[in-house]
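Naming: A, B, ... by sequence-line order, numbering from 1 per chain.
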Protein chains: 4
Amino acid sequence: MTDTERRHHGNRHGRSEAARQAVLQAADDLLAEKGFAGVTMEGIAARAGVAKQTVYRWWSGKTAVLVDALVEDLAEDLTPPDHGRLALDLPAYLAQLAHVLSATDTGAVFKALIAQAQHDPAFGAGFRARYLDEQRRRDRLPLERAVARGELPAGIDVAAETDRLVGPLYYRVLVTDEPIGRDYTDRLAHDFLDRVLHERGPAAPG
Amino acid sequence: MTDTERRHHGNRHGRSEAARQAVLQAADDLLAEKGFAGVTMEGIAARAGVAKQTVYRWWSGKTAVLVDALVEDLAEDLTPPDHGRLALDLPAYLAQLAHVLSATDTGAVFKALIAQAQHDPAFGAGFRARYLDEQRRRDRLPLERAVARGELPAGIDVAAETDRLVGPLYYRVLVTDEPIGRDYTDRLAHDFLDRVLHERGPAAPG
Amino acid sequence: MTDTERRHHGNRHGRSEAARQAVLQAADDLLAEKGFAGVTMEGIAARAGVAKQTVYRWWSGKTAVLVDALVEDLAEDLTPPDHGRLALDLPAYLAQLAHVLSATDTGAVFKALIAQAQHDPAFGAGFRARYLDEQRRRDRLPLERAVARGELPAGIDVAAETDRLVGPLYYRVLVTDEPIGRDYTDRLAHDFLDRVLHERGPAAPG
Amino acid sequence: MTDTERRHHGNRHGRSEAARQAVLQAADDLLAEKGFAGVTMEGIAARAGVAKQTVYRWWSGKTAVLVDALVEDLAEDLTPPDHGRLALDLPAYLAQLAHVLSATDTGAVFKALIAQAQHDPAFGAGFRARYLDEQRRRDRLPLERAVARGELPAGIDVAAETDRLVGPLYYRVLVTDEPIGRDYTDRLAHDFLDRVLHERGPAAPG
DNA sequence: ATATAACCGAGACGGTACGTCCAGTCTTAAT
DNA sequence: ATTAAGACTGGACGTACCGTCTCGGTTATAT
């Protein structure tokens, strides 16, 4: 470090935004490069060019850093589409969700944090309150909009139906680690639409 | 160490079964008591009354110990029932699965290992090959038996349908951490039976 | 850890002198109490009330600690006397040297390190450069002063003569482990003086 | 090790001489190749193609093995010459001693054991009783023979004089690690002969 | 302008656990 | 009776991070 460039050394206005960004980026990079175990507070600080204490001043641990890193990325990556028709929105959103979870860095961070939630229930509670509940609201948006538009009956249990739509996706991502093709999500969406439409018709002939 | 009691000190027959059992039990107990972070190789050895090297001789790390502990426990905890009728077997199995996953020590070990599979892909591959594939076969048993009995059409995609039945359960356990009541699993089973029966036209006229 | 006492926890001034002293003292004590095999890095750290990493931060191993402990002790224990007459200085110094080597804790540390120099040539080279060369200079001081005063002929081979004076002492200490009495060192000194005085012919007529 | 060759697996006739030789050779080799720290009981057993327990059955530790290895080699390497004249025997023996100590594998083993004697006083006592005393007798042989022949006065203190002759050699080997040339040993011998001859003559003219 | 407060870097500290190596003991089956 | 094989307890090794602490320096604001 022989550079003579001017660097931030603190001020009384509050935290250094540059340091904050560098830390989040470093955590993201380390996770992508070396996996969750390769993310350490010391490693984050070193790669961000920041003192370890600076990281600890603002975050309680590496998972807290990753949560912040995730929050920045995820809202934009996972905005449900809104074409005005459930038959378009639902398959599109399921495909988008499957892709993000299984094939992006954001998904990797997400999986790591879901994993940490199993290992550390206290973290899990905070993570769910802070982040996951918001994600569930996003997951429900397509159905809720359809209800508002009258496409779906008002009495439908949106939360339960959403579980059945996204549940298999998370299951494949987290448990079986199988690839999720477009056909898989399309069939999921199609069968759902089929069922809810027939249910309110003259379903059972007997 | 002046005790004269007889203890196992190794012999050419191979490993000590007593040590093996003690290690698995210790790992199980530690996970239940102190969580995943509280399980350490040193802690396992100490609680099992065994030298650390003995644990390392047979397992590569704490997750390997937990996998073995899980394998022993899980086969008996999760035997799918076989009453000969899918309408009985399916709800019973889903309820059993939900209970084991969310409310038993075995479930806690399972969640910890699924979590570790996210953190460590190499472990994940081994864990899935060694254990999860077997578990998926168990999950599919109710439907497969029903197909064999002729209760379900032979052309049904058992794997995909199983995903839709158990996916929401794993999702609730791993992601949302919400309690899963008997009504939840019953509705899952009921809706599935409803759908597959109607799909094949006016199947059972009564 | 609810104590509120003030302790050193590191600062940017560099290392803790208290920790350094505690480590050297602990190493010294352990060697005296339990012998060389009883000196371990873990033991040193534990007895010094210091983290193991702190010892490793500043020393590469137990022998390095002992070298530092020795350097502190030895300069004062082995200051050659300077009465201005070789006939006084030489027997006094040889007796002092024999005593320190064979009957003090400092001597025990010295012997342990000489031993380690046999076992580990790389350590030996460093030890000799760092410490032994200085000790040899001390050993030569009585003769060199005598030459400077004109008591001894300028052409005398001080290094070789010193070898012959101290060599038998080290030999007895390291090899035969026999006690060295005052008569032994006095005869060594006396015979040396006798020889060098006669060598130059009718030297001191007066 | 898939060989099916016949190997010794014990018998009721007593210890295996082949195993004994293999162990001693293995210890010697390991010391020469990897230094004292590289000699371990497990390593000896492995290299000798012998079970660890077999080594422990006959030796108490690696130093005991090395002592046995040394005893076999040393008697022949260090036999004092006997030409019937001290002026020939003494310089020859000193040169031989210096060479063995500083430039042979036997000398390396010897130095390692002298070192261990510093670290472990109990071993030191045994080593000196078992081996070193015999070596000291060998060291004194040239002078004792000269006394018997009348070359030296009967009243001479052979032990003390031997200390002064070999002490500087051991000192250089163990402490300073300087090379010992033939001139060094010759001067040692010459000066000794000079002194003891003049002492009994009309030494001090005054 | 000058202090002062909030932040920054650097890095030493007490700890815990890691995974490895070797010591020395014990048991067994084969010779 | 001795051997090879090898599992066992136990302890130290040297390393990696943890989370805490202290210090000296930087800089905008409040005096």
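When the side-chain hydrogen bond (donor to acceptor under 3.5 Å, both in side chains) test is applied to B/Gln53, no partner is found at least two apart in sequence or on another chain. With sequence neighbours excluded, the residues forming a ring pair (Phe, Tyr, Trp, His ring centres under 6.0 Å) with A/Phe127 are A/Phe123, A/Tyr131, listed by chain and number. Scanning for side chain to side chain contact (heavy atoms under 4.5 Å, CB included) contacts around D/Ala51 gives D/Thr54, with sequence neighbours left out. Under the side chain to side chain contact (heavy atoms under 4.5 Å, CB included) criterion, C/Ala108 pairs with C/Leu31, not counting sequence neighbours. Here A/Thr63 pairs with nothing under the side-chain hydrogen bond (donor to acceptor under 3.5 Å, both in side chains) rule; sequence neighbours left out.
If you take CE of B/Met41 and P of F/dA16, they are 19 Å apart, rounded to a whole angstrom. Atoms CD (C/Glu17) and P (E/dC13) sit 11 Å apart, rounded to a whole Å. As a whole-Å value, the separation of C/Glu42 CD from E/dC21 P is 17 Å.
Residues in residues 43-69 of chain B take part in no ring-ring contact (aromatic ring centres under 6.0 Å, His included) pair, two or more places apart or across chains. Residue pairs meeting the side-chain hydrogen bond (donor to acceptor under 3.5 Å, both in side chains) criterion with at least one partner in residues 117-127 of chain A, sequence neighbours excluded, do not occur; the list is empty.
Near DNA chain E, defined here as any heavy-atom distance below 4.0 Å, there are no residues from residues 20-31 of chain C. Taking a 4.0 Å limit (strictly below) on heavy-atom distances, residues 52-61 of chain B reaches DNA chain F at B/Gln53, B/Thr54, B/Arg57, B/Trp58. For the segment residues 108-122 of chain B, no residue has any heavy atom less than 4.0 angstrom from an atom of DNA chain F.
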Side-chain donor/acceptor pairs under 3.5 Å, residues 34-50 of chain C, sequence neighbours excluded:
from: C/Thr40; atom 1: OG1; to: C/Gly43; atom 2: N; distance (Å): 2.8
from: C/Glu42; atom 1: OE2; to: C/Lys52; atom 2: NZ; distance (Å): 2.9
from: C/Arg47; atom 1: NH1; to: C/Glu33; atom 2: OE2; distance (Å): 3.3
from: C/Arg47; atom 1: NH2; to: C/Glu33; atom 2: OE1; distance (Å): 2.7
from: C/Arg47; atom 1: NH2; to: C/Glu33; atom 2: OE2; distance (Å): 3.2

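Side-chain atoms of C/Gln21 and C/Gln25 form no donor-acceptor pair, as typed in the model, at a separation below 3.5 Å.
Where B/Ala19 and C/Val39 meet DNA chain F, the nucleotide closest to each residue was compared, and B/Ala19 sits on the side nearer the 5' end.
Each end of the helix from E/dA1-F/dT31 to E/dT31-F/dA1 gets its own axis from five base pairs, and the two axes differ in direction by 10°, given to 10 degrees.
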